[in-house]
Amino acid sequence: ARDERWLARSVYKLKEIDQKFKVLRRGDRVLDLGCNPGSWTQYSLQKIGPKGDVVGIDLTHPRHLSAPNFRFIEADILTLDMGWLSDRIPSRDVVLSDLAPPTTGIRARDESRSLELGRRALDIARALLSQSGRFVCKIFEGEDLDAFAASLSGDFSDTRRFRPKATRKRSREVYLVASR
């Protein structure tokens with residue numbers, strides 16, 4: 001990743017998701033939840049071109065990332081006021097969530113925290129996605145994954161689970177890729 005000037009190796013996951021599902025398109029308006037360290041934003045900016053824009057939300061600003069069509073909001077998505085957010089961000093074509101909780105090593109707790117972040121990302125996607133919007137969300141595999149994936153069917157016509165090859169073998173993360 002460093003040799004190719006990406007800010008993190010997680011870019012390869014998004015790149016694989018995008019190649020398979022065609023999530024990002026020229027001119028798209030993207031919301032990147034959990035945008036630090038910035039490789040997903042960096043890749044998105046490359047794919048959408050100068051007529052699109054990316055808004056990134058995280059607790060920490062991604063270092064070494066700036067572009068005229070990138071705007072950063074420092075916030076915790078779990079406590080972010082949806083009305084405030086809707087007033088400041090016009091509708092989005094894509095909502096990306098590579099959010100992950102700080103892991104504790106306690107599987108049930110880590111899965112529960114990941115699911116909480118996924119549900120919040122879904123709430124944000126419901127509020128901000130355009131009629132033809134796409135949603136990508138990382139979730140840790142666990143007993144509640146099936147129910148969470150099923151909950152997307154009310155808002156999206158197509159939902160797929162995907163585990164990129166770039167995911168480490170010991171990782172329990174899976175991505176839900178949904179489109180309206």
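All values below were derived from every heavy atom in this structure, side-chain atoms included, with hydrogens, water molecules and symmetry-related copies excluded.
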Undergrad: Before accepting this row, confirm whether a basic side-chain N of the pair Lys13/Asp98 lies closer than 4.0 Å to the acidic partner's carboxylate O.
TA: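 Looking at Asp98 together with Lys13, the answer is no, because their closest N to O distance does not fall below 4.0 Å.
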Undergrad: State plainly whether one hydrophobic cluster holds both Leu85 and Val55, where clusters connect Ile, Leu, Val, Met, Phe, Trp and Tyr through side-chain heavy atoms under 4.5 angstrom apart.
TA: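 Yes; tracing contacts between hydrophobic side chains, which count when under 4.5 Å, links both residues.
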Undergrad: Can you confirm whether Glu16 sits close enough to Phe162 that some side-chain heavy atom of one is under 4.5 Å from a side-chain heavy atom of the other?
TA: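 Yes, close enough: below the 4.5 Å cut-off.
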Undergrad: Please determine if Asp18 and Lys47 form a salt bridge, counting it only when a charged side-chain N lies under 4.0 Å from a carboxylate O.
TA: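 Here Asp18 pairs with Lys47 in a salt bridge, since their nearest N and O are under 4.0 Å apart.
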Undergrad: Is the backbone of Ala178 close enough, under 3.5 Å, to the side chain of Asp158 for a donor and an acceptor to pair up by distance?
TA: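 No, because the side chain of Asp158 does not come within donor-acceptor range (under 3.5 Å) of the backbone of Ala178.
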Undergrad: May I ask you to check whether Asp110 and Thr104 show a side-chain donor-acceptor distance below 3.5 Å?
TA: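 Indeed, the side chains of Asp110 and Thr104 share at least one donor-acceptor pair under 3.5 Å.
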Undergrad: Which value, rounded to the nearest 0.5 Å, describes the distance between Phe21 atom CZ and Ser179 atom OG?
TA: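 Rounded to the nearest 0.5 Å, the CZ-OG separation comes out at 9.5 Å.
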Undergrad: Check the angle between the aromatic planes of Phe70 and His61 and answer parallel, tilted or perpendicular using the 30° and 60° thresholds.
TA: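 Plane angle over 60°, so perpendicular.
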Undergrad: So which atom in Arg29 and which in Ser130 form the shortest heavy-atom distance, rounded to 0.1 Å?
TA: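 Scanning both residues completely, I find the closest heavy atoms to be NH2-CB, 4.2 Å.
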Undergrad: Evaluate the criterion side-chain contact (heavy atoms from CB on, under 4.5 Å) for residue pair Asp58 and Glu74; output intermediate values, then yes/no.
TA: CA-CA 5 Å; Asp58 206 318; Glu74 183 179 334; over 6 Å; no
Undergrad: Could you check if a side-chain atom of Leu99 sits within less than 4.5 angstrom of a side-chain atom of Ser114, using non-hydrogen atoms only?
TA: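 In short, these two side chains do not touch, never coming nearer than 4.5 Å.
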Undergrad: Assess, by modelled atom type and distance only, whether the side chains of Ser39 and Ser10 contain a donor and an acceptor separated by less than 3.5 Å.
TA: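 Present: a donor and an acceptor within the cut-off.
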Undergrad: Are Leu14 and Val23 connected in the hydrophobic side-chain network, where two residues link if heavy atoms are under 4.5 Å apart?
TA: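 In one cluster with Leu14: Val23, yes.
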Undergrad: Mind checking whether Leu128 and Ser91 have side chains closer than 4.5 Å, heavy atoms only?
TA: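 Not touching, per the 4.5 Å side-chain cut-off.
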Undergrad: Are the side chains of Arg71 and Val54 in contact, using a 4.5 Å heavy-atom criterion?
TA: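 No - every pair of side-chain heavy atoms lies 4.5 Å or more apart.
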Undergrad: What distance do Arg172 atom CZ and Ile139 atom CD1 have between them, rounded to the nearest 0.5 Å?
TA: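 It comes to 12.0 Å.
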Undergrad: Is Arg107 paired with Glu111 through a side-chain N to carboxylate O contact shorter than 4.0 Å?
TA: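 Yes, charged N to carboxylate O under 4.0 Å.
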Undergrad: Take Val136 and Trp40, measure what side-chain contact (heavy atoms from CB on, under 4.5 Å) needs, and give me the verdict at the end.
TA: CA-CA 11 Å; Val136 176; Trp40 279 37; 4.3 Å; yes
Undergrad: Check the hydrophobic clustering (I, L, V, M, F, W, Y; side-chain heavy atoms under 4.5 Å; chains of links allowed) and say if Leu145 and Val177 are grouped together.
TA: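 No, it is not one cluster - the side chains of Leu145 and Val177 are not joined through contacts under 4.5 Å.
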Undergrad: Charged N to carboxylate O under 4.0 angstrom, Arg126 versus Asp123?
TA: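 Between Asp123 and Arg126 there is a salt bridge, with a charged N closer than 4.0 Å to a carboxylate O.
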Undergrad: When you look at Thr103 and Phe140, which way does the side-chain contact (heavy atoms from CB on, under 4.5 Å) test go after all the steps?
TA: CA-CA 11 Å; Thr103 54; Phe140 292 168; 3.9 Å; yes
Undergrad: Should Val95 and Leu115 be counted in the same cluster of Ile, Leu, Val, Met, Phe, Trp and Tyr side chains packed under 4.5 Å apart?
TA: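 In one cluster with Val95: Leu115, yes.
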Undergrad: So if I apply the side chain to side chain contact (heavy atoms under 4.5 Å, CB included) rule between Leu31 and each of Asp93, Ile73, Ile57, Leu129, which one comes out positive?
TA: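 Testing Leu31 for a side chain to side chain contact (heavy atoms under 4.5 Å, CB included) against Asp93, Ile73, Ile57, Leu129 leaves exactly one candidate, Ile57.
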Undergrad: Count I, L, V, M, F, W, Y as connected when their side-chain heavy atoms are under 4.5 Å apart, and connections chain through other members. Are Leu45 and Ile17 then in the same cluster?
TA: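 Yes, one cluster joins them.
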Undergrad: Could you pull out the closest heavy-atom pair between Leu117 and Ala100, with the gap in Å?
TA: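 Scanning both residues, the minimum pair turns out to be CD1-C, 3.6 Å.
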Undergrad: Could you walk me through whether Phe135 and Asp155 pass the side-chain contact (heavy atoms from CB on, under 4.5 Å) check?
TA: CA-CA 10 Å; Phe135 177 54; Asp155 296 286; over 6 Å; no
Undergrad: Heavy atoms only: give me the nearest Pro164-Tyr175 pair and the separation to one decimal.
TA: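 Minimum heavy-atom separation between Pro164 and Tyr175: CD-CD1, 3.6 Å.
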Undergrad: Side chains of Thr60 and Asn36: is there a donor and an acceptor less than 3.5 Å apart?
TA: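 No.
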Undergrad: What distance separates Thr159 OG1 from Arg180 CZ, expressed to the nearest 0.5 Å?
TA: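 Going from the OG1 atom of Thr159 to the CZ atom of Arg180 covers 11.0 Å.
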Undergrad: Given 3.5 Å as the limit, does a donor-acceptor pair link the side chain of Ser153 with the main chain of Ala150, or not?
TA: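 Yes; at least one donor-acceptor contact below 3.5 Å.
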Undergrad: With salt bridge (charged side-chain N to carboxylate O under 4.0 Å, His left out) as the test, pick out the partner of Asp28 among Lys22, Lys51, Arg134, Arg92.
TA: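 That would be Arg134.
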Undergrad: How long is the span from the OG atom in Ser97 to the CD1 atom in Ile77, to the nearest 0.5 Å?
TA: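 Reported to 0.5 Å precision, the distance equals 6.0 Å.
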Undergrad: Say you draw a straight line from CD of Gln42 to SG of Cys35; how long is it, rounded to the nearest 0.5 Å?
TA: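 It comes to 12.0 Å.
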Undergrad: So, are Arg161 and Asp146 salt-bridged, with charged N and O less than 4.0 Å apart?
TA: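 Yes, Arg161 and Asp146 are salt-bridged.
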Undergrad: Going from CG on Leu152 to OG on Ser157, what distance comes out if it is rounded to the nearest 0.5 angstrom?
TA: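 Reported to 0.5 Å precision, the distance equals 11.0 Å.
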Undergrad: Write down the atom of Ala75, the atom of Leu80, and the distance for their closest heavy-atom approach.
TA: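 Looks like CB-CD1, 3.7 Å.
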Undergrad: Does the distance from a Lys or Arg side-chain N to an Asp or Glu carboxylate O, for Lys138 and Glu173, drop under 4.0 Å?
TA: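 Answer for the salt bridge query: yes.
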Undergrad: Please find the pair of heavy atoms, one from Asn69 and one from Ile48, that lie closest to each other, and give the distance.
TA: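 Nearest heavy atoms, Asn69 then Ile48: ND2-CD1, 4.5 Å.
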Undergrad: Taking all atoms of both residues into account, what is the closest heavy-atom pair of Gly118 and Phe148, and its distance?
TA: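 Closest heavy-atom pair between Gly118 and Phe148: O-CZ, 3.4 Å.
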Undergrad: Answer whether the closest heavy-atom distance between the side chains of Arg160 and Leu176 falls below 4.5 Å.
TA: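 Sidechains of Leu176 and Arg160: no contact.
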